[in-house]
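In what follows, a single structure is set out as structure tokens and then discussed.
We name chains A, B, ... by the order of the sequence lines, and we start the count at 1 in each one. Every heavy atom of this structure was used, including side-chain atoms; hydrogens, water molecules and symmetry mates were not.
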There are 2 protein chains.
Amino acid sequence: MTPRPRHLPSEERRAEAVEAVIRLAASTNPEEITTSAIAARMKLTQGALFRHFPTKDAIWQGVMEWVSDRLLARIDRLAGAETDPLAALEAMFLGHVDFIAEHPGVPRMMAGQLQNAGETPAKRLARTLVENYGNRLRRILAAARAEGVVPPGLDIDAAATLFLGMVQGLVMQHLIHGDSARMRADASRVWVIYRAGLLAAEHAPEGRA
Amino acid sequence: MTPRPRHLPSEERRAEAVEAVIRLAASTNPEEITTSAIAARMKLTQGALFRHFPTKDAIWQGVMEWVSDRLLARIDRLAGAETDPLAALEAMFLGHVDFIAEHPGVPRMMAGQLQNAGETPAKRLARTLVENYGNRLRRILAAARAEGVVPPGLDIDAAATLFLGMVQGLVMQHLIHGDSARMRADASRVWVIYRAGLLAAEHAPEGRA
DNA sequence: TGTCAAAGTAATTACTTACTCACATAATGG
DNA sequence: CCATTATGTGAGTAAGTAATTACTTTGACA
């Protein structure tokens, strides 16, 4: 083990800081993640952080970029591996849940950023991520409709909203129970209902079957 | 208009404070709701607040009780007015969305409390609300299953989770678009898919109809 | 009507926050 | 090997934060 160098290039320190925030958020309310807490986890003095970031919001920007890149890359890879649109959606969903199980602080941070009052750059990144995610959902849902996998009258925007809500419902359960394995198991069960909703939507409500 | 008395009984001031927090949360990140901000909205000095609350968390407790009482009372009233379980669920859902449209800060505050690290009394109240809400959902869903309105194999826990997620998905869209009327309209569209999911769950995935 | 407890004020407390700065140290290229 | 620059330190700063306190005002009621 090489004795850890005390001076690291700025780029590496920035990556370290982002990682520190992600890990801190797993067990802490994002609002309580102070620059001191970040520096402490990096074994750095608090002031040193500002050699690499001009402001605290810049750290949050870095974090949101990290989340965006990783999450979108993962769901694109998973969805791209499937030919059936519904299978692609399911892979996206389960992959997203896995991502959250691996990084439990992420939804907390997203929510924290989104509900910030002012228009900070970090908030804009968070919103852009949600939009990009929604675009991917709608694209796949449109493909499913075009292929006749789901009814032609399926409301795609509503289906996308419900998809995102499905993830958040699981996150809330996770916040309350704190059990990642359970969240993963619940995900499959919720998916069954969602999938049925996609397949059956707009059909006569009575006389099912 | 009677000239506003400067000295109010403590009970009224507490109610005022809770109301002030609810209204502040409509436009502010809950974490930024300081005792000074609350006092300012009440046209009171900051210190005076502590004549009526021993601590700031006590204010949050009051707020969470306010939310609990009002929300549960509303959904109980709406659901109780329906005989068909599915109609009751729909009334609950739309009533909940209305409640959020009237008090947009509520979901923000709930989320903020739930993700607090420590075990504050206010956090416990928030969690209790979610549990009570879930219990009501599961009771109605169980009734629907018993009456044969939904398939006997419907996963009730998953359906309840998805219901709560459905609300949160709308809240997130609302956070992004900031349009209450749109949220209300979207709610009906999302409900169609959810309802279809309840009715069709566990049926053969292929060959819909 | 005078009394007194409840309610309000203004100033202050101890503490935390993001951010800065003068100075020290490590890495790097000529 | 030395000079330059990037990185790190430790001790600041100003602007908040929740909570306290000495003192004043109000209003109800004996």
Worksheet entry | For atom CZ of B:Arg14 and atom P of C:dG8, their distance in whole Å | 11 Å
Fill in: All ring-ring contact (aromatic ring centres under 6.0 Å, His included) counterparts of B:Trp66, not counting sequence neighbours
B:His103
Per-pair distances, 0.1 Å, donor-acceptor, side chain in residues 158-178 of chain A, under 3.5 Å, sequence neighbours excluded:
residue, atom, partner, partner atom, Å
A:Thr161, OG1, A:Asp157, O, 3.2
A:His174, NE2, A:Ser180, OG, 3.2
A:His177, ND1, A:Gln173, O, 3.2

Discussion item. Can you list everything that forms a salt bridge (charged side-chain N to carboxylate O under 4.0 Å, His left out) with B:Glu119? Sequence neighbours excluded, please.
Written reply: B:Arg124, B:Arg127
Item to complete: Measure the angle between the two terminal helix axes of the helix from C:dA14-D:dT17 to C:dG30-D:dC1, five base pairs each, and quote it to 10°.
Response: 10°
Worksheet item: Under 4.0 angstrom, heavy atoms only, what part of the nucleic acid is A:Leu49 near: base, sugar-phosphate, or nothing?
Response: nothing
Worksheet item: Roughly, in whole Å, what's the span from NE2 in A:His52 to C1' in D:dA6?
Response: 9 Å
Fill in: Value in whole Å for how far the C1' atom of C:dA18 lies from CD of A:Glu31
14 Å
Worksheet item: B:Phe50: what forms a ring-ring contact (aromatic ring centres under 6.0 Å, His included) with it, not counting sequence neighbours?
Response: none
Discussion item. Rounded to whole Å, how long is the line connecting atom CE of A:Met42 with atom C1' of D:dT7?
Written reply: 12 Å
Discussion item. Once ring-ring contact (aromatic ring centres under 6.0 Å, His included) is applied, do any residues pair with A:Phe53, and if so which ones, sequence neighbours excluded?
Written reply: none
Which pairs, protein N/O on one side and nucleotides 17-20 of chain D N/O on the other, fall under 3.5 Å?
residue, atom, partner, partner atom, Å
D:dA18, OP1, B:Thr35, N, 3.3
D:dA18, OP1, B:Lys56, NZ, 2.8
D:dA18, OP2, B:Thr35, N, 3.0
D:dA18, OP2, B:Thr35, OG1, 2.7
D:dA18, N7, B:Gln46, NE2, 3.4
D:dA19, OP1, B:Thr55, OG1, 2.6
D:dA19, OP2, B:Lys56, N, 2.6
D:dA19, N7, B:Gln46, NE2, 2.8
D:dA19, N6, B:Gln46, OE1, 2.7

Practice prompt. Any pair with a residue in residues 121-140 of chain B that passes ring-ring contact (aromatic ring centres under 6.0 Å, His included), sequence neighbours left out, goes on the list, sorted by first then second residue, please.
Written response: B:His96-B:Tyr133
Worksheet entry | Whole angstrom value for the distance that separates P of C:dA6 from CZ of B:Arg13 | 16 Å
Worksheet item: Applying side chain to side chain donor-acceptor pair (under 3.5 Å), which residue pairs with at least one partner in residues 69-80 of chain B are found, sequence neighbours left out?
Response: B:Arg74-B:Glu102, B:Asp76-B:Arg136
Worksheet entry | Min side-chain heavy-atom separation A:Pro30-A:Gln113 under 4.5 Å | no
Worksheet item: Separation of A:Glu12 atom CD from C:dA27 atom C1', in whole Å?
Response: 13 Å
Worksheet entry | Test item: B:Met64 and B:Thr128 side chains (from C-beta on) under 4.5 Å apart, heavy atoms | no
Response to the item:
So the side chain to side chain donor-acceptor pair (under 3.5 Å) pairs with at least one residue in residues 80-89 of chain B (sequence neighbours excluded) are none
Measure all distances between protein nitrogen or oxygen atoms and nitrogen or oxygen atoms of nucleotides 22-25 of chain C, and list the pairs falling under 3.5 Å.
residue, atom, partner, partner atom, Å
C:dA22, N6, A:Arg51, NH2, 3.2
C:dT25, O2, A:His7, NE2, 3.3

Discussion item. Checking A:Asp155 now: which residues fulfil salt bridge (charged side-chain N to carboxylate O under 4.0 Å, His left out) with it, not counting sequence neighbours?
Written reply: B:Arg189
